[in-house]
Peer 1: 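Attaching a single structure in structure tokens format; questions to follow.
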There are 2 protein chains.
Amino acid sequence: MPRKHRVADPREQVLASALRLFTRRGYFNTSVHDIARHAGVSIGSIYHHFRDKEDIARSLYAGLLAQMVERIEAIQARHRTTRARCYALMEALFEITEEEPEAMEFMLYAKHREFLPSATPVCSSKPFAMMREMVREGMERGEVRSMDPMIASTCLFGGAMRLIMARLDRVLREPLPSQLEAVWVCSWRAVAA
Amino acid sequence: MPRKHRVADPREQVLASALRLFTRRGYFNTSVHDIARHAGVSIGSIYHHFRDKEDIARSLYAGLLAQMVERIEAIQARHRTTRARCYALMEALFEITEEEPEAMEFMLYAKHREFLPSATPVCSSKPFAMMREMVREGMERGEVRSMDPMIASTCLFGGAMRLIMARLDRVLREPLPSQLEAVWVCSWRAVAA
DNA sequence: GTCTATATCATGATAGAC
DNA sequence: GTCTATCATGATATAGAC
């Protein structure tokens, strides 16, 4: 849905269009001209707001990660036990996937190293680090069996993450929230003390 | 390691070079000239053996999936119980990741939809279907709790798959086989009857 | 079957008027 | 800050000799 003439906030409009086009066709199948057309701005305007094409992707990625960090912090503020926090996080991940699949896909599934050489892989981004820390705390409290925190968080959230990927790939038909209980039971069993 | 002059089987040599370059730099950051140079053959030779660049990726992908299917069949032939089969499969996946990380990465991590519009997503490929079927059989035998087979197989292998991804991203330091027991205990707990 | 040389084209990025 | 017009590069793919 390309905007026709003037655009309120060109920068945001460009980021929104880039997110859509990058996830639909991929980064390399999307030209800066495509983004300009879709966003309803000119090439010149884009290059005024962003250094280059890579900078668009970088800004997008940073913004989405920051949003994610905020959500995790909100969850940590609302719940105290590790079990409740992890459940709420899994629920949130499923909801975000349904409501903003493109955001989720860009964060998770895009191979950022291909077009963001400087960016660290997703697994080592702050949100993932927070998930690992959450699980590590659970071990201290005796809620989670004692083991390597990396293994524990991967096993706890791995099923959910793979299911999210399957959903993004349209391999899974049912909306994720309807599967939450089943997945949670399996996931928590995997690591519960 | 580009070969200097004549090459035994140019087709195989091209596929091997493509696998290396695609995984190191990404599909779109690799030109056909790069592949030619690395494989020690000419552009003309490449276009004699392959229809176009996409055809190289397609052949590579199909070959790797076929190999994977063979390995799974071998495991099914060697083991009878679902538990033993799944364990052997996880072990094999970990070993393959260490021994042929590029093959694993190309199959799993590359976003094939970007450059293989016709290919189905990895999750719906034959090896993944075989994994789901393996788990479904386990339910009939009473080894695995009764639930949606898609959920069960995702929860059973999700942790291992995510760990493989973390290893390919060099986020995980330790070789995967050394983590096998810990991951297996968690994974089997998740779905065991 | 393999090679070199080349056609064709799209893309990222810039210049410079308004 | 936004726009149009344009440049320069490097890619895919082909032609045609050997």
Side-chain angles (χ1 to χ4, degrees), chain A residues 2-61 110-119, chain B residues 2-61 110-119:
Chain A
R3 293 284 129 57
K4 273 298 152 56
H5 285 307
R6 274 296 150 88
V7 155
D9 184 343
R11 200 168 189 280
E12 283 310 308
Q13 192 51 240
V14 166
L15 289 175
S17 294
L19 175 59
R20 167 142 305 171
L21 294 173
F22 287 169
T23 49
R24 304 252 173 195
R25 314 181 191 168
Y27 178 82
F28 291 100
N29 293 322
T30 302
S31 74
V32 181
H33 286 261
D34 292 334
I35 299 174
R37 190 168 28 248
H38 189 279
V41 302
S42 68
I43 294 270
S45 182
I46 290 191
Y47 278 97
H48 175 78
H49 289 285
F50 300 92
R51 256 165 46 92
D52 52 17
K53 187 183 175 185
E54 205 175 297
D55 191 37
I56 300 176
R58 193 173 14 249
S59 305
L60 201 49
Y61 187 51
K111 244 180 93 66
H112 297 104
R113 276 174 305 164
E114 276 197 26
F115 56 90
L116 293 181
S118 56
Chain B
R3 293 282 129 56
K4 271 300 150 55
H5 285 306
R6 270 299 149 86
V7 155
D9 183 344
R11 201 168 187 282
E12 284 309 310
Q13 193 49 240
V14 166
L15 289 175
S17 295
L19 175 59
R20 166 141 306 173
L21 295 173
F22 288 169
T23 49
R24 304 251 175 198
R25 314 180 189 170
Y27 177 82
F28 291 101
N29 293 320
T30 302
S31 74
V32 180
H33 284 264
D34 292 334
I35 300 173
R37 189 168 29 248
H38 188 279
V41 302
S42 68
I43 294 270
S45 181
I46 290 191
Y47 279 96
H48 175 79
H49 289 286
F50 301 92
R51 254 166 47 93
D52 51 18
K53 187 183 174 186
E54 204 176 298
D55 190 38
I56 300 176
R58 193 175 12 252
S59 304
L60 200 47
Y61 187 51
K111 244 182 94 65
H112 296 102
R113 277 174 304 162
E114 275 196 28
F115 55 89
L116 292 181
S118 56

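These values consider heavy atoms only, across backbone and side chains, with no hydrogens, waters or symmetry-generated copies. Per chain, numbering begins at 1; letters A, B, ... match sequence-line order. These numbers were taken from a predicted model, which means no experiment stands behind them.
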Peer 1: A/Arg58: which residues meet the side-chain hydrogen bond (donor to acceptor under 3.5 Å, both in side chains) condition with it, sequence neighbours left out?
Peer 2: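 Counting only residues at least two positions away or on another chain, A/Arg58 forms a side-chain hydrogen bond (donor to acceptor under 3.5 Å, both in side chains) with A/Glu54.
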Peer 1: From the list C/dT2, D/dT14, C/dC3, which nucleotide is the closest neighbour of the side chain of B/Val41?
Peer 2: C/dC3
Peer 1: Rounded to whole Å, please give me the gap between CZ in A/Phe115 and P in C/dT11.
Peer 2: 17 Å
Peer 1: Over how many whole Å does the gap from A/Phe28 atom CZ to D/dA11 atom C1' extend?
Peer 2: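 Rounded to the whole Å, the gap is 13 Å.
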Peer 1: What residues, two or more places apart in sequence or in another chain, satisfy side-chain contact (heavy atoms from CB on, under 4.5 Å) together with B/Arg24?
Peer 2: B/Arg20, B/Glu102
Peer 1: Test of understanding: with side-chain hydrogen bond (donor to acceptor under 3.5 Å, both in side chains), list the residues that count as partners of A/Ser31, not counting sequence neighbours.
Peer 2: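 A/Ser31: side-chain hydrogen bond (donor to acceptor under 3.5 Å, both in side chains) contacts with A/Asp34.
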Peer 1: Where do N or O atoms of nucleotides 4-6 of chain D meet protein N or O atoms at under 3.5 Å, pair by pair?
Peer 2:
none

Peer 1: What is the distance, to the nearest angstrom, from the OH atom on B/Tyr47 to the P atom on C/dA7?
Peer 2: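 Nearest whole value for this atom pair: 17 Å.
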Peer 1: Residues two or more places apart in sequence or in another chain: which of them pass side-chain contact (heavy atoms from CB on, under 4.5 Å) with B/His48?
Peer 2: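 With sequence neighbours excluded, B/His48 shows a side-chain contact (heavy atoms from CB on, under 4.5 Å) to no residue whatsoever.
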Peer 1: Between D/dT2 atom C1' and A/Asp9 atom CG, what is the distance in whole Å?
Peer 2: 14 Å
Peer 1: Using ring pair (Phe, Tyr, Trp, His ring centres under 6.0 Å) as the criterion, list what pairs up with B/Tyr61, not counting sequence neighbours.
Peer 2: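 B/Tyr61 satisfies ring pair (Phe, Tyr, Trp, His ring centres under 6.0 Å) with B/His112 only.
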Peer 1: Over how many whole Å does the gap from B/Leu21 atom CG to D/dA11 atom C1' extend?
Peer 2: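 After rounding, the gap between these two atoms is 16 Å.
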Peer 1: Wobble G-U and Watson-Crick pairs count when both distances are under 3.5 Å; given that, what is the 5' to 3' dot-bracket string of DNA chain D, with | for pairing to other strands?
Peer 2: ||||||||||||||||||
Peer 1: Figure out the CD1/P separation between A/Ile35 and C/dA13, and round it to whole Å.
Peer 2: 11 Å
Peer 1: Looking at residues at least two apart in the chain, or sitting in another chain, which of them share a side-chain contact (heavy atoms from CB on, under 4.5 Å) with B/Phe50?
Peer 2: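 Result, side-chain contact (heavy atoms from CB on, under 4.5 Å) vs B/Phe50: B/Arg11, B/Val14, B/Leu15, B/Ile46, B/Asp55, B/Ile56, B/Ser59.
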Peer 1: Test: salt bridge (charged side-chain N to carboxylate O under 4.0 Å, His left out). Region: residues 39-52 of chain A. Which pairs qualify, not counting sequence neighbours?
Peer 2: none
Peer 1: Could you tell me how far apart A/Asn29 (CG) and C/dT11 (P) are, to the nearest whole angstrom?
Peer 2: 9 Å
Peer 1: Just to be sure I understand the geometry, which residues of residues 48-61 of chain B put a non-hydrogen atom under 4.0 Å away from DNA chain C?
Peer 2: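 B/His48, B/His49, in order of number.
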Peer 1: Could you give the distance from OG (A/Ser42) to NE2 (A/His33), rounded to the nearest 0.5 Å?
Peer 2: 10.5 Å
Peer 1: Could you pull out all residues at least two apart from A/Phe22 that satisfy ring pair (Phe, Tyr, Trp, His ring centres under 6.0 Å)?
Peer 2: A/Tyr27
Peer 1: Between A/Asn29 and B/Phe28, is any pair of side-chain heavy atoms under 4.5 Å apart?
Peer 2: yes
Peer 1: Let me know the distance between CG of B/Asp34 and P of D/dA11, rounded to the nearest Å.
Peer 2: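 Result: 7 Å.
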Peer 1: What's the separation between atom CD1 in A/Ile35 and atom CD in A/Gln13, rounded to the nearest 0.5 Å?
Peer 2: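 The distance works out to 12.0 Å.
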